[in-house]
Amino acid sequence: MTEIRVRIAPSPSGNLHIGTARTALFNYLFAKKNNGKFVLRIEDTDAERTSQSYIDNIFDSLKALGLNWDEGPDVGGPYGPYTQSERFDIYPKYAQILLEKGFAYECFCTPEELEAEKQSATQNKKPYVYSKKCENLSENEKARLRAEGRKPAIRFNISKVQKTFHDNSVLKFDDLVKGELHMDTDLLGDFVIMKSNGTPTYNFAVVIDDMLMKISHVIRGEDHISNTFKQILIFEALGAQIPKFGHLGMILAPDRSKLSKRHGATAVSEFVEKGYLTEALINFVALLGWSPSDGKEIKSIDEIAQDFRIGDISSSNSIFEYDKLNWMNSHYIKMLSIEELKEKLKPYLTKYDLSELTDAQYTRMVEITYEPLTLLSNITDAVPYFFGEDVEIEPKAQIDVLDTDVAQDVLKEFLKQAENWEFSEDNLHEKLEAFRAEYKEKGIKPKVTMWAIRAAVTGRTCGADMTAILAILGKDKVFRRIKNAIK
Ligand code: GLU
């Protein structure tokens, strides 16, 4: 049996998109499930759109998601460089083979001539296909055009290849996800495989690389289906083994349009910056097109790999439900240990001086604040009152609570009684209970009593466990804030 070899082949013209992450994941899972190899190839033939920062972002995002590649940039592998710009000496050789076989031809058309062809097609309301004007140029004509200073591109002769290998103009293949797909290849038009500057186009480089890297299965988005017909013909023209293809449905936004920035984050790194955990992201994108056999949606990447079968991938589009991702993220946040949380929350606490807290105080702060978090970044606004001497009072806390006679009375009484309290959590717990009970006897509800203290100490009307907050802040800060709140 041939070895299973799959690849993710991102073009570094942007940060790693969450949709590409899903494609990478499905390839990775398929490789894991079948003891195969997962290859990363950087498709940077379009120098103008490529940037090193995007390449770095792709590496970092894949690694952060745990989608480590078996072969590719950084780790190498047996098939030469895995970055297309470092393989530019390879492609012309194969273009030459196609020229010699008569499956490709040199095209001397200028951009202006091609534009005129396109415009006339538009005027006649016909889809544009290249006129094949240069298909049968004689050697003399070519020499004359060269002498004019024209540099030829190389075009792939679709109809010739199609006729050589098939009975009519229809090309079919069995898609692993979508079943049989077919296309009339007359509609494709002879496309450029090598540009006049000597660099390959996407459709050509991808085939040469998939062939040389012995890719057995190409799993990618359905936006590539029309490319697949072109690519199959190139494989055939070269006499190469054709990989199996599987095309994934698109990922759409909740409003059924293409997922874009206006819906929220789209790049993996953006999600991570916003405080999504990579475990949640992976689990969530796995469910965009795949469902677990036991119906349990929360699964680690290893559990998903166990259960994954490519035939189970749905052929329809998936909806990217941000709400579901948020729910999943809060679930994964709750599964972290306190030590992990302490580390993962730090990047979102940079506006505070963490050195104000001892490690034990920081631990306790995290213990009492993590549960309501949907995103790690929510911590920033959840904890300002743990830092600084004074606290900013929210208008609601001032008007609804601190401005009332009851609150003022509670605060004054608290200062009197707490003078001698030891501010350990256990002791405060006991003392506050008695304190509330006294007020209850006077007809004040326990929660009203606590509101007064909370509003003065945290500036808010709700938040984390009040006893723990008092213990973390300590008597000096608590007294200072309560005195400030007393009129
Ligand atoms: N470079 C292509 C892209 O980013 C990859 C297509 C493929 O997987 O063949 O869309």
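Ligands are counted one by one from 1 in listed order, and the atoms in each one are counted from 1 as well.
The contact set between ligand 1 and Glu43, taken as ligand atoms under 4.0 Å from a residue heavy atom, comprises 1 (N), 2 (C), 5 (C). Every atom of ligand 1 with a heavy atom of Arg220 under 4.0 Å away is listed here by number and element: 7 (C), 8 (O), 9 (O). For ligand 1, the atoms lying closer than 4.0 Å to a non-hydrogen atom of His224 are 3 (C), 6 (C), 10 (O).
Annotation: Phe320 is not in aromatic contact with His263 [ring centroid separation under 6.0 Å not met]. Trp69 and Phe59 have their aromatic ring centers within a separation under 6.0 angstrom.
Ligand 1 has at least one atom lying under 4.0 Å from a heavy atom of Arg7.
No side-chain heavy atom of Tyr105 sits under 4.5 Å from any side-chain heavy atom of Leu98.
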Ring pair (Phe, Tyr, Trp, His ring centres under 6.0 Å) between Phe191 and Phe204, worked out: CA-CA 10 Å; Phe191 57 93; Phe204 190 53; 8.7 Å; no
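Comment: Glu270 does not engage Lys274 in a salt bridge, judged by the lack of any side-chain N to carboxylate O separation of less than 4.0 angstrom. The pair Glu297-Lys324 meets the salt-bridge criterion, with a side-chain N (NZ, NE, NH1 or NH2) lying under 4.0 Å from an Asp/Glu carboxylate O.
In terms of protein heavy-atom proximity, atom 5 (C) of ligand 1 is closest to Ala9 O, 3.1 Å. The shortest contact between atom 6 (C) of ligand 1 and any protein heavy atom is with Tyr202 OH, 3.1 Å.
Every N/O-N/O distance between Val206 and ligand 1 stays at or above 3.5 Å.
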